**Q** 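Have a look at the structure that comes next, please.
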Amino acid sequence: MLLILRNVVPKLIAAAAIAILVTGCQTPSSPPDGSTTAAAEDARAALDGFLDFYFRGYRTALPDETERAALAPQATDAFNAALEAAANAERCAHALHQGTEPPLIQGDLFSSLFEKATGVQDVAVARADVDRVDYKVGFEYRLPGAAKPEVQWQDTVQLVRTGDAWLLDDVIHGGDWAFSTKGSVKAQLLAVAALCTTP
């Protein structure tokens, strides 16, 4: 269970400690109550939980109802609401076109690559403070049996602390090739939600 940082710990010291601890380095001395260590461990555990969902519980495109239910406890209310709004728009568009048009969201939602990542090369902390940690996740796409990946890139997974939990709040696509998906997943979901608003 996440231990709340005591008010006597300055924010900048806590942020630096989280950044160091999450990347696996050792701090010169541990905080008296161990709360910074607990925060770092819980944030990384939340990231690992999301990545497990991504590789094992999610196929591609907009998560279906079962996938959204699986992700919901790991995500903020705002992110879950954006997913549901996009799902409503998908249902609306399907009803209007009677299934003759493609889905509003195609390809992998949670990474820059349309085909979806096949693995993670590395993880690094890009930002860490008391209530937010951003992780740079080095993804790869590798063909079965290939010695080297076809594509490598970094996306940013943003976690925020809500109560005693670290929750997914957004993913920022960072692919740098011509047709990669770019920007905030949450913003993309909200833009899709506005495409069809009639029953």
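All values derive from a computational prediction rather than experimental measurement.
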**Q** Which residues pass the side-chain contact (heavy atoms from CB on, under 4.5 Å) test with Gln154, not counting sequence neighbours?
**A** Asp122, Lys136

**Q** Arg132 vs Asp169, test: side-chain contact (heavy atoms from CB on, under 4.5 Å). Steps then yes/no.
**A** CA-CA 10 Å; Arg132 175 174 163 183; Asp169 190 52; over 6 Å; no

**Q** Rounded to the nearest 0.5 Å, what's the gap from CD on Glu140 to OG1 on Thr118? Could you check?
**A**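 Rounded to the nearest 0.5 Å, the CD-OG1 separation comes to 5.0 Å.
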
**Q** Starting at CZ of Arg91, measure out to CG of Leu96 and round the result to the nearest 0.5 Å.
**A**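 Between atom CZ of Arg91 and atom CG of Leu96 there are 13.5 Å.
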
**Q** Is Val120 linked to Phe114 within one hydrophobic cluster, defined over Ile, Leu, Val, Met, Phe, Trp and Tyr using a side-chain heavy-atom separation of less than 4.5 Å?
**A**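 Not linked; separate clusters.
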
**Q** Determine whether Phe179 and Tyr141 fall in the same hydrophobic cluster, where Ile, Leu, Val, Met, Phe, Trp and Tyr are linked whenever their side-chain heavy atoms lie under 4.5 Å apart.
**A** no

**Q** Quick one: do Val157 and Asp155 satisfy side-chain contact (heavy atoms from CB on, under 4.5 Å)? Show the steps, please.
**A** CA-CA 7 Å; Val157 177; Asp155 293 327; 5.7 Å; no

**Q** Do Gln188 and His173 have side chains that get closer than 4.5 Å, going by heavy atoms?
**A**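 Contact flag for Gln188/His173 side chains = yes.
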
**Q** Examine distances only and state if a side-chain atom of Ser111 and a backbone atom of Lys116 form a donor-acceptor pair shorter than 3.5 Å.
**A** no

**Q** Of all the heavy-atom pairs spanning Ala147 and Arg142, show the shortest one and how long it is.
**A**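 Looking at all heavy atoms of both residues, the shortest contact is O-NH1, 2.7 Å.
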
**Q** Specify the closest pair of heavy atoms between Ala70 and Gln74, including all atoms of both residues, with the distance to one decimal.
**A** O-NE2, 3.8 Å

**Q** Please report the interatomic distance SG(Cys196) to NE2(His97), rounded to the nearest 0.5 Å.
**A**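 If we round to the nearest 0.5 Å, Cys196:SG and His97:NE2 are 6.5 Å apart.
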
**Q** Leu51 and Val151: same hydrophobic cluster, using ILVMFWY side-chain contacts below 4.5 Å?
**A** yes

**Q** According to the interplanar angle, ranging from 0 to 90°, do the rings of Trp153 and Trp177 count as parallel (below 30°), tilted (30 to 60°) or perpendicular (above 60°)?
**A** perpendicular

**Q** Please assess Phe79 against Leu167 for the test side-chain contact (heavy atoms from CB on, under 4.5 Å), listing each intermediate value before the final yes or no.
**A** CA-CA 9 Å; Phe79 193 81; Leu167 301 175; over 6 Å; no

**Q** Is it the case that over 12 heavy atoms from other parts of the model lie below 6.0 angstrom from the CG atom of Asp77?
**A** no

**Q** Please report the closest heavy-atom contact between Ser180 and Gly175, naming both atoms and the distance.
**A**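 In terms of heavy atoms, the two residues are closest at OG-O, 2.9 Å.
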
**Q** In a check of side-chain contact (heavy atoms from CB on, under 4.5 Å) between Leu83 and each of Leu62, Asn88, Val185, which one passes?
**A** Leu62

**Q** For Ser112 and Gly174, indicate whether the former's side chain and the latter's backbone hold a donor-acceptor pair under 3.5 Å.
**A** yes

**Q** Treating Asp170 as the side-chain partner and Lys186 as the backbone partner, does any N or O pair qualify as donor plus acceptor under 3.5 Å?
**A**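 Confirmed, Asp170 side chain pairs with Lys186 backbone.
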
**Q** Say you draw a straight line from CD of Glu150 to NZ of Lys148; how long is it, rounded to the nearest 0.5 Å?
**A** 11.0 Å

**Q** Heavy atoms only: give me the nearest Ala75-Asn80 pair and the separation to one decimal.
**A**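 What the structure gives for the nearest pair is O-ND2, 3.4 Å.
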
**Q** Can you tell if the side chain of Leu47 reaches within under 4.5 Å of the side chain of Val137, non-hydrogen atoms only?
**A** yes

**Q** With hydrophobic residues grouped by side-chain heavy-atom distances under 4.5 Å, do Ile172 and Leu190 end up in a single group?
**A**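 No, Ile172 does not connect to Leu190 through the hydrophobic network.
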
**Q** Would you say the ring centers of Tyr135 and Phe50 fall short of 6.0 Å from each other?
**A** no

**Q** Is a side-chain donor or acceptor of Glu67 paired with a backbone partner of Arg59 at a separation under 3.5 angstrom?
**A** yes

**Q** Looking at every non-hydrogen atom in both residues, tell me the closest pair between Leu109 and Pro63 and how far apart they are.
**A** CD2-CD, 3.7 Å

**Q** So does Ile105 get a backbone contact from the side chain of Glu90, meaning a donor-acceptor N/O pair under 3.5 Å?
**A** yes

**Q** Determine the minimum heavy-atom distance between Gly107 and Tyr58, stating which atoms define it.
**A** O-OH, 4.0 Å

**Q** How long is the straight-line distance from CG of Leu104 back to CG of Leu189, given to the nearest 0.5 Å?
**A** 11.0 Å

**Q** For the pair Leu71 and Phe110, evaluate side-chain contact (heavy atoms from CB on, under 4.5 Å) and give the outcome as yes or no after the intermediate values.
**A** CA-CA 12 Å; Leu71 180 61; Phe110 294 111; 3.9 Å; yes

**Q** Counting distance only, does the side-chain N/O of Tyr54 pair as donor-acceptor with the main-chain N or O of Ala117 below 3.5 Å?
**A** yes

**Q** Verify whether one side chain among Asp134 and Thr156 offers a donor that lies under 3.5 Å from an acceptor in the other.
**A** no

**Q** Can you tell me how far CG of Leu159 sits from CH2 of Trp166, rounded to the nearest 0.5 angstrom?
**A** 7.5 Å

